[in-house]
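Since the model is a prediction, treat every value here as computed from it, not as a measurement. Numbered from 1 within each chain, the chains take letters A, B, ... in sequence-line order.
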Number of protein chains: 2
Amino acid sequence: MNFEGRQEKLRENIARNRLDGLLVTHLPNVRYLCGFTGSAAALLITRSKSQFFTDGRYTEQASEEVQGARLVIARKAPLPAAAEWLTKNAKKLRLKILGVEGEHLTVAERQRFAKNLPSGLRLRDASPMIERERMVKDEDEIEKIRAAVLLGASLFDVALKTIRPGVKEVEVAAEMEYAARCAGAEAMSFETIIAAGPRSALPHGRASDAPIPASGFVVCDFGVILAGYCSDMTRTVHVGQPSAEVRRIYQAVKDAQEAAVAAVKPESPVGKVDDVARKLLHNNGLGKCFTHSTGHGVGLEIHEPPRIAVKQKERLQPGMVITIEPGVYISGEGGVRIEDMVLVTEDGCEVLTPTSKELIII
Amino acid sequence: MNFEGRQEKLRENIARNRLDGLLVTHLPNVRYLCGFTGSAAALLITRSKSQFFTDGRYTEQASEEVQGARLVIARKAPLPAAAEWLTKNAKKLRLKILGVEGEHLTVAERQRFAKNLPSGLRLRDASPMIERERMVKDEDEIEKIRAAVLLGASLFDVALKTIRPGVKEVEVAAEMEYAARCAGAEAMSFETIIAAGPRSALPHGRASDAPIPASGFVVCDFGVILAGYCSDMTRTVHVGQPSAEVRRIYQAVKDAQEAAVAAVKPESPVGKVDDVARKLLHNNGLGKCFTHSTGHGVGLEIHEPPRIAVKQKERLQPGMVITIEPGVYISGEGGVRIEDMVLVTEDGCEVLTPTSKELIII
């Protein structure tokens, strides 16, 4: 990973925003800029310096992982440690306006931090510059995302082997998560959703103790974290023979998903991609059953900008990785969702998820 | 769970803090007050009303789970939905000063929320009232925590069967996590730590691809979430025959842990409990190798108040559940940590973790 290059880009953004520096406290942003993967850190980027703060639990890990920044291992938490360091060094470095990450710092953290700063230093809530850079993935990241997507997709085969009437949803999830771990995943990227029968109408139906019924949809939505990068996919299978209406609903979601994917290309506003999926479901009389947005960015975090949602104006750019995941939910009956991860390319897009979207009947 | 009782207690706190209401946005607090387990919610508690906000993905789940509050299912995110509701209702309800959770709300969230409020309504950053109530667990919670602790402890047997020289750390974690899921755990309460040989000197050594060496400590730190409540425990085993010095270090940590447990009783300041462990390690020449605090509260979150750390003045109360987990880390060589969950009782404490602390040699 080109940590120095990322820090240089941030320095340009810092200058453009008329700041003398930025205190980075959001951990995925810290990781993006210097490689640290632990749970307590702050990274101060000034026009000339990069200073990293963590506590004694991470002495070894920080010296192994952190690149492009000097380390401060403190006896206090990273934010007070940064305040202490600034008290000693702000004047010498001519720091007058320091940006903080208003989207991530809590109100109380900001107050405590501000209280401990030297008098000549003012804080300003900076816009999410790093998140904007992170939207477009570099080659290294795309490679890692591809690996995560392939590992994630392999878990669907495990699900297919496990899903049977009477098996608990959570047993399916357990088999998938075990396979993920054995294959090197650090963790699942979110709580595995296995939602069967009427529970498939819950868009966020985490795997429960409920047994899979003899007939109905099973929504499987899952992902892994591999080398820091997330995958995310959904497939919906049907247990027992589906009726004509059930097939029609599945086909409508599949059509909406494929149409939205076909709309993914550089310069397209993300709201238009959402619109394509929404209109298609509307035309099939299912508009009201699609109760969430069409997708989101994925990378170091499972949900990142851009949001592929109604009226969002962000324009797609080559290197963005997003999900396309329309769904239809009919309370008391069931639901269908189909989700791929999609890479925006120079002339359109590439669907990263390798898995067939044909209806599988178990 | 006595959700109404908890809400009534919060109303007393709201009145005592001269607020007309509190907007609860921290999800574990929302869950504590009304039972909702989803990932998008806000709960407005005024002196007379409880109003719950979520989005369309959670229509069914909210109506199943939420107790003691009226539901608003909104087309927007919970915070803007709450702002919209307040614009319509604040005047009628005579709401003038609304508390928000400054420890959890981000700076940007607060700004956007404030911008959408009606003119007569002011925001105030409230102190963490709900967290303070949550420190002392009620009977229902203690029962759930006991169940989580026992399930967590059963995973140590899985670890003991799996830990062998040459087996990867992550394989040990995979077996434990699989067993946890099959036994009903919703998730692990944090990323499983299996840190073998020199990696045991990393206090937060998440299970890696590294194989367990032929000789050395293996730190196993892990926990489950069961019915919403977390468990947390650490045991350290030794692969191969330990030297006299290795045995001495293990014994010192065990002595420190047991001495700190013995110091847990009502009215004791938590800093004193930390001090007991720290002094004992210091007297064994290992003070500098104990680089973190002695423990923390556990409940709906894996890390809750109180912090059992140097100079902390919070006094223990019956019903608090905390960890006691001193450790010793020697860079390049290895480390030992021993951790139990402990319930503060009327006349002392009860160690909830049932597992022996004798050194196990594999």
Can you check whether [X] reaches [Y] side chain to side chain, under 4.5 Å on heavy atoms?
X: A/Val107; Y: B/Val100; result: no
X: B/Ile212; Y: B/Val172; result: yes
X: B/Phe113; Y: B/Leu98; result: yes
X: A/Val66; Y: A/Leu71; result: yes

Quick check on B/Ala201 against chain A: is it the side chain, the backbone, both or neither that has a heavy atom closer than 4.5 Å?
both
Search all heavy atoms of A/Gly166 against all heavy atoms of A/Pro211 and return the closest pair with its distance.
O-CB, 3.6 Å
Taking every non-hydrogen pair under 4.5 Å, which of A/Gly327, A/Ala207, A/Pro203, A/Ala173 racks up the most with chain B?
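Looking at each of A/Gly327, A/Ala207, A/Pro203, A/Ala173 in turn, A/Pro203 comes out on top.
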Pairwise distance CD1(B/Ile193) to CG(B/Leu202) - rounded to 0.5 angstrom:
9.5 Å
Rounded distance (nearest 0.5 Å) linking atom CD1 of A/Ile225 with atom CG of A/Leu151:
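If I round to the nearest 0.5 Å, the distance is 11.5 Å.
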Give the atom names and distances for all donor-acceptor pairs closer than 3.5 Å across chain B and chain A.
| unit_1 | atom_1 | unit_2 | atom_2 | d |
| --- | --- | --- | --- | --- |
| B/Thr37 | O | A/Arg206 | NH1 | 3.1 |
| B/Thr37 | O | A/Arg206 | NH2 | 3.1 |
| B/Thr37 | OG1 | A/Arg206 | NH2 | 2.6 |
| B/Tyr58 | OH | A/His204 | ND1 | 2.6 |
| B/Glu60 | OE2 | A/Ser331 | OG | 3.2 |
| B/Gly102 | O | A/Val107 | N | 3.3 |
| B/Gly102 | O | A/Ala108 | N | 2.8 |
| B/Glu103 | OE1 | A/Arg112 | NH2 | 3.1 |
| B/Glu103 | OE2 | A/Arg112 | NH1 | 2.8 |
| B/Leu105 | O | A/Val107 | N | 2.9 |
| B/Val107 | N | A/Gly102 | O | 3.3 |
| B/Val107 | N | A/Leu105 | O | 2.9 |
| B/Ala108 | N | A/Gly102 | O | 2.8 |
| B/Gln111 | NE2 | A/Asp125 | OD2 | 3.3 |
| B/Arg112 | NH1 | A/Glu103 | OE2 | 2.8 |
| B/Arg112 | NH2 | A/Glu103 | OE1 | 3.1 |
| B/Asp125 | OD2 | A/Gln111 | NE2 | 3.3 |
| B/Glu175 | OE2 | A/Tyr178 | OH | 2.4 |
| B/Glu177 | OE1 | A/Arg181 | NE | 2.7 |
| B/Glu177 | OE2 | A/Arg181 | NE | 3.4 |
| B/Glu177 | OE2 | A/Arg181 | NH2 | 2.8 |
| B/Tyr178 | OH | A/Glu175 | OE2 | 2.4 |
| B/Arg181 | NE | A/Glu177 | OE1 | 2.7 |
| B/Arg181 | NE | A/Glu177 | OE2 | 3.4 |
| B/Arg181 | NH2 | A/Glu177 | OE2 | 2.7 |
| B/His204 | ND1 | A/Tyr58 | OH | 2.7 |
| B/Arg206 | NH1 | A/Thr37 | O | 3.1 |
| B/Arg206 | NH2 | A/Thr37 | O | 3.1 |
| B/Arg206 | NH2 | A/Thr37 | OG1 | 2.5 |
| B/Ser331 | OG | A/Glu60 | OE2 | 3.1 |

